[in-house]
Protein chains: 2
Amino acid sequence: MAKAALKSRPKQRRLSPDERRSDFIRKAAEFFSEEGFDGGTRELARKLGVTQPLLYRYFPSKDDLIREVYRTVYLDRWNPEWDALLTDRSLPIRDRMQRFYEAYTDAIFNREWLRIYLFAALKGVEINKWYVGIVEDRILARIVTEYRAEAGLPDQPPAPAELELAWVLQGGIFYYGLRRYIYESPVMEEKERVIANAVDVFLEGISRVFGTSVKVRTAYARVPEPTED
Amino acid sequence: MAKAALKSRPKQRRLSPDERRSDFIRKAAEFFSEEGFDGGTRELARKLGVTQPLLYRYFPSKDDLIREVYRTVYLDRWNPEWDALLTDRSLPIRDRMQRFYEAYTDAIFNREWLRIYLFAALKGVEINKWYVGIVEDRILARIVTEYRAEAGLPDQPPAPAELELAWVLQGGIFYYGLRRYIYESPVMEEKERVIANAVDVFLEGISRVFGTSVKVRTAYARVPEPTED
DNA sequence: CTTCTTATTTTTCATATGATAAATAAGCTG
DNA sequence: CAGCTTATTTATCATATGAAAAATAAGAAG
């Protein structure tokens with residue numbers, strides 16, 4: 001009786017290979033983002049509503065399926081318009097950064113993306129390291145370059161220390177997503193304000209640390225005694 | 001012959017329970033930090049130079065062992081002197097922050113700590129969420145409070161936006177550790193410079209974003225429509 | 001309706017896993 | 001050395017895992 005209830009006619013329905021395949025990948029991303037890549041193929045199949053061996057009809061091995069998941073997460077989320085946005089000098093760099101980070105975080109601030117990103121990082125997969133390079137080239141180097149242009153600083157490739165400072169901004173914003181969607185700890189709800197403040201601090205700060213031609217402060221080693229005078 | 005070589009007399013050596021136990025925990029931290037908490041007990045035992053069932057003499061279950069690992073990672077690394085350092089008003093806040101972050105990152109910027117921290121975060125264990133609260137109370141709230149004191153601002157509890165800004169700093173510095181020890185991507189080697197610049201940007205920036213009584217810029221909401229008109 | 005392709009399921013395998021029970025031996029005490 | 005405690009090992013179990021082979025049935029084509 002209970003048995004009969006469970007065996008409720010699987011109603012085997014055939015899907016077109018393309019449909020099935022993309023459905024597998026999409027749901028596998030959800031699944032692995034929660035369970036980690038050690039999640040079992042049987043449990044995954046149950047979630048997919050099919051039997052486990054069917055997975056092996058579409059992917060030669062679990063690893064191949066995982067690779068497809070990486071692809072959708074890492075490759076399919078970059079909006080090509082962002083390239084233009086960041087380099088559009090008709091807008092102040094501050095506005096460009098605000099808009100970009102709002103859009104970018106709209107894309108990556110969700111449990112699925114963030115968790116897969118971290119799982120991938122911990123596994124040391126090369127696509128993750130590659131992505132870090134992309135971030136530096138497509139986002140941070142541009143921000144520094146555009147900032148320098150707007151500040152009237154000489155046109156030269158971003159210095160390591162400048163990039164590093166941009167990384168602190170990037171990491172700081174990223175960490176906000178972590179706290180919100182991974183730790184699920186209470187955070188300031190208005191993402192736009194958080195971004196705006198972070199960007200403002202970055203822009204105000206960097207001009208003083210590296211100098212808008214005016215005050216060149218190397219920051220470290222200096223640090224006199226501004227206690228009160 | 002090969003067999004004989006392998007069975008090279010296990011040379012069973014008895015250790016005192018305390019010694020063995022702490023050895024297990026220490027090496028288990030190393031092991032799990034690399035393999036993740038899904039790492040097998042047999043492989044762990046092999047690394048420990050003992051047989052797998054011996055682990056169960058010292059810990060009722062794998063989970064109990066893992067809990068001990070958490071303890072050493074999360075509880076045993078906070079230096080009580082840091083509490084005094086951050087609140088020592090005989091030093092400029094900038095110096096305090098510099099010293100603190102140098103020491104703090106000396107403690108946590110290593111593969112083992114960072115990876116276990118991330119694995120724990122992904123598992124959603126409560127000790128990890130608890131730690132996030134500790135960071136906010138013991139580090140960030142203090143930084144904001146001490147900054148306000150030094151800037152001559154009214155003595156009031158840190159505003160959410162201020163804490164959030166401190167989180168961006170914290171996260172930015174954390175992310176530097178990630179890039180260096182988890183991604184193993186090329187970074188600026190001089191950690192002190194990175195910290196100094198980040199702290200400088202934070203202090204210079206925050207005073208302008210929240211105003212040292214002088215310029216109060218709310219930053220966001222400003223940003224009109226500079227498209228072109 | 002019959003035939004044929006192939007998407008899907010049922011069986012099955014080899015291995016790995018966390019954990020337990022029984023056997024062994026290290027090393028202290030007399 | 002004898003005797004005893006217990007740290008450590010040698011089986012062993014039940015279950016879960018990724019994967020392959022064989023059996024079934026959905027659905028299009030004739």
Side-chain angles (χ1 to χ4, degrees), chain A residues 3-29 31-70 119 123 125, chain B residues 3-29 31-70 119 123 125:
Chain A
K3 210 169 179 180
L6 285 175
K7 294 235 171 189
S8 61
R9 193 62 17 164
K11 192 70 175 188
Q12 168 183 132
R13 241 184 35 205
R14 292 159 80 105
L15 253 57
S16 93
D18 282 353
E19 251 181 304
R20 185 109 291 172
R21 188 184 154 86
S22 54
D23 185 55
F24 278 6
I25 296 175
R26 185 160 10 93
K27 294 211 178 117
F31 176 76
F32 287 129
S33 79
E34 285 304 322
E35 307 294 322
F37 293 110
D38 290 324
T41 53
R42 274 164 239 265
E43 205 187 334
L44 168 57
R46 186 147 33 77
K47 170 173 175 152
L48 289 167
V50 300
T51 55
Q52 180 249 5
L54 187 58
L55 287 168
Y56 288 85
R57 172 108 188 164
Y58 290 87
F59 306 94
S61 75
K62 185 183 175 183
D63 248 24
D64 288 279
L65 169 55
I66 290 177
R67 254 188 289 281
E68 288 306 309
V69 169
Y70 284 144
F119 279 123
K123 271 182 96 178
V125 284
Chain B
K3 210 171 185 179
L6 285 175
K7 293 233 174 193
S8 61
R9 195 57 24 158
K11 192 68 174 191
Q12 167 181 135
R13 240 182 36 203
R14 291 160 80 104
L15 253 56
S16 94
D18 282 354
E19 251 181 305
R20 183 111 292 173
R21 189 183 153 86
S22 53
D23 186 54
F24 278 7
I25 296 174
R26 186 160 10 94
K27 295 212 179 117
F31 176 76
F32 287 129
S33 78
E34 284 304 322
E35 307 294 323
F37 292 110
D38 289 325
T41 53
R42 274 163 239 266
E43 203 187 336
L44 168 58
R46 186 147 32 79
K47 170 172 173 152
L48 289 165
V50 299
T51 55
Q52 181 249 5
L54 188 58
L55 287 168
Y56 288 85
R57 173 112 187 158
Y58 290 88
F59 306 95
S61 75
K62 184 183 175 182
D63 248 23
D64 288 278
L65 169 56
I66 290 176
R67 256 189 289 279
E68 289 305 309
V69 169
Y70 284 144
F119 278 123
K123 272 182 94 178
V125 282

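A quick note: this is a predicted structure, and the numbers were derived from the prediction, not measured. So that the names make sense, note that chain A is the first sequence line, chain B the second, and so on, each numbered from 1. Heavy-atom basis, side chains included; hydrogens, waters and symmetry copies ignored.
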In whole Å, I'd like the distance from the [atom1] atom of [X] to the [atom2] atom of [N].
X	N	atom1	atom2	answer
B/L54	C/dA22	CG	C1'	15 Å
A/D18	C/dT6	CG	P	14 Å
B/Q52	D/dT10	CD	P	12 Å
A/F31	D/dT17	CZ	C1'	12 Å
B/I66	C/dG18	CD1	C1'	11 Å
B/L15	C/dA25	CG	P	19 Å
A/R14	C/dA7	CZ	C1'	4 Å
B/L44	C/dT17	CG	P	12 Å

Can you tell me if [X] touches the phosphate of [N], counting only side-chain N or O atoms and a distance under 4.0 Å to OP1 or OP2?
X	N	value
B/R20	D/dT8	yes
A/Y56	D/dA20	no
B/Y58	D/dA7	no
A/R57	C/dA7	yes

For this session: Report which part of the nucleic acid B/S16 touches: base, sugar-phosphate, or nothing (heavy-atom distance under 4.0 Å, all strands).
Result: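 Result for B/S16 = nothing.
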Of all the choices, [options], which nucleotide is nearest to the side chain of [X] once you look at every atom?
X	options	value
B/P53	D/dA11, C/dT9, C/dT17	D/dA11
A/K62	C/dT10, C/dA26, D/dG18	D/dG18
A/T51	C/dT9, C/dG18, C/dT8	C/dT9
A/R42	D/dT9, C/dT8, D/dT17	D/dT17

Exercise. Going by an N to O cut-off under 4.0 Å, is there a salt bridge joining A/R21 and A/D18?
Worked result: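 Salt bridge absent between A/R21 and A/D18.
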Problem set entry | N-O pairing of A/D23 and A/R20 below 4.0 Å | no
For this session: Check step by step if side chain to side chain contact (heavy atoms under 4.5 Å, CB included) holds for B/L48 and B/F31.
Result: CA-CA 9 Å; B/L48 289 165; B/F31 176 76; over 6 Å; no
For this session: For residues B/S22 and B/E19, report the shortest heavy-atom separation together with the two atoms involved.
Result: OG-O, 3.1 Å
For this session: On the 0 to 90° scale, with breaks at 30° and 60°, tag the B/F37-B/F119 ring pair as parallel, tilted or perpendicular.
Result: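 Aromatic pair B/F37/B/F119 classed perpendicular.
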